[in-house]
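Structure, as structure tokens:
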Amino acid sequence: MQSEDLYKKLAEKIFMGSSELIPKIFAAIADPEEAELLLALPGTAQTLSRALGKEEDKVEEMLKVLYRKGLVFKKSTPEGILFRMCRDLMQFHDATILWPEAPREFLDLWQEFMEKEWPAFSEMAEKVLPRPVTRIVPVSESIDARQQILAFDDVRQMIDEAGDIAVTNCTCRLTAQKCDRPVEICIQIGKAAQYAIDRGTGRKIDREEALALIRKAEEVGLIHTTMNRAGDTHFICNCCEDCCMIFPVLINKKLRMCDPSRYVASIDAGLCQGCETCLERCYFGALTFNREKNIVEVNTEECMGCGLCKVVCENRAISLIEHRPADFIPQV
Ligand code: SF4
Ligand code: SF4
């Protein structure tokens, strides 16, 4: 098979057959021999060696390299370790960008994809997905103490209850480089942490360091996001409004690519001094300044419940109040 065909077939395997850039990204990370092995997946080193007519040792060595590159994932089975290819665009994106040896040209290709093809793809994804894959978790200190705080709303509790924790680079800031906010700040939990540590893409950290990273994220204006499922916290991403693959299309194109939290901001008109500091913290245009009253007001339709505005209000005029029921967060 011609090598262009190999990369086109790999793109088809992750449902991106119509993309111009995805085959190029595959070509930048896998040579033709590796591409053939990827196309033969899933399988164990033994079954793959038979299927491809290669020495088993050689196949094992290649799988090790592809695992580090983020192109294959492994699972223990009674028949041995089963290898499979990344299953979709998101997994291909998240895993390969963290390839520790990724050259800058590879990351730049991903950024080209984000600029040229991602907006149209995200429009289509928004239409077909029943719910966004991710949701916002509020800044935990921002929730009014009188409100009901459930485990899946509480970023601190998520960390307290985590088994293993690791920190990885933010794939979006690593590729986009549009702001100077921290890159090593995405928190992996449980199996995701074990995967990151095993692959060499994450650094094991303890709860104190994880909480310090959460505080840092809040100070510099990063939005906590996680899986949009109540019982499934395997990461806490700390997203910015400019580099992130989700928030620019949500803000500029109004695509619902991330769900809000269950909370909205509420301003205490008696405490608000009209300093306007909170205005620039809100990436969603949910805050407006009322000149007549000299206070800031919240549009609850636009508020995503991130709580970043509260972090900067020295007058303690902002609280987060419960706005959506507990079952707003999908259970499975
Ligand atoms: S930061 Fe606080 S005091 Fe200043 S405008 Fe916003 S809510 Fe009012
Ligand atoms: S007003 Fe803006 S910054 Fe404050 S919680 Fe809502 S979305 Fe976040």
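Just so you know, these numbers come straight off a predicted model, no measurement behind them. Counting convention: from 1, in listed order, for ligands and their atoms alike.
Side chain to side chain, Trp110 and Thr96 meet the donor-acceptor criterion of an N or O pair below 3.5 Å. Checked by atom type, the side-chain pair Glu297/Asn290 shows a donor-acceptor distance below 3.5 Å. Between the side chains of Ser19 and Glu117, a donor-acceptor pair is found at a separation under 3.5 Å. Residues Gln188 and Thr168 have side chains that bring a donor and an acceptor to within less than 3.5 angstrom of each other.
Under a cutoff of 6.0 Å and an axis angle of 45°, Lys74 and Tyr67 form a cation-pi pair.
Remark: minimum distance from atom 5 (S) of ligand 1 to any protein heavy atom is reached at Glu276 N, 3.2 Å. In terms of protein heavy-atom proximity, atom 6 (Fe) of ligand 2 is nearest to Cys303 SG, 2.3 Å. Distance from atom 4 (Fe) of ligand 2 to its nearest protein heavy atom, with residue and atom name: Cys309 SG, 2.3 Å. The closest protein non-hydrogen atom to atom 1 (S) of ligand 1 is Cys275 SG, 3.5 Å. Atom 8 (Fe) of ligand 1 has as its closest protein heavy atom Cys272 SG, 2.4 Å.
Within the listing of ligand 1, atoms 3 (S), 8 (Fe) sit less than 4.0 angstrom from a heavy atom of Gln273. Heavy-atom proximity to Gly307, at under 4.0 Å, picks out these atoms of ligand 2: 5 (S), 8 (Fe). Of all atoms in ligand 1, listed by their number and element, those nearer than 4.0 Å to a heavy atom of Val296 are 5 (S). For ligand 2, the atoms lying closer than 4.0 Å to a non-hydrogen atom of Phe284 are 7 (S). Residue contact check: Ile318 has heavy atoms under 4.0 Å from atoms 7 (S) of ligand 1. Of all atoms in ligand 2, numbered sequentially from 1 with element shown, those under 4.0 Å from a heavy atom of Met304 are 6 (Fe), 7 (S).
Within 6.0 Å of CZ in Arg131 there are more than 12 heavy atoms belonging to other residues, nucleotides or ligands. Residue Glu20 qualifies as open at atom CD: its count of foreign heavy atoms under 6.0 Å is 12 or below.
Ring pair Tyr195/Phe73 is parallel by interplanar angle, where below 30° counts as parallel and above 60° as perpendicular.
When Thr134, Thr225, Asn228 are each tested for a side chain to side chain donor-acceptor pair (under 3.5 Å) with Asp259, only one passes: Asn228.
Taking 2.8 Å as the criterion, Cys278 counts as a coordinating residue of atom 6 (Fe) of ligand 1, since one of its N, O or S atoms falls below it. Residue contacts to atom 2 (Fe) of ligand 2: Cys282 brings an N, O or S atom closer than 2.8 Å. Not a single N, O or S atom of Cys313, from either the backbone or the side chain, sits less than 2.8 Å from atom 8 (Fe) of ligand 1.
Remark: distances from the non-hydrogen atoms of Leu287 to ligand 2 include one below 4.0 Å.
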Next item on the list: Would you sort out whether Asp164 and Gln194 count as a side-chain hydrogen bond (donor to acceptor under 3.5 Å, both in side chains), showing the intermediate values?
Entry: CA-CA 7 Å; Asp164 291 309; Gln194 289 156 15; 2.9 Å; yes
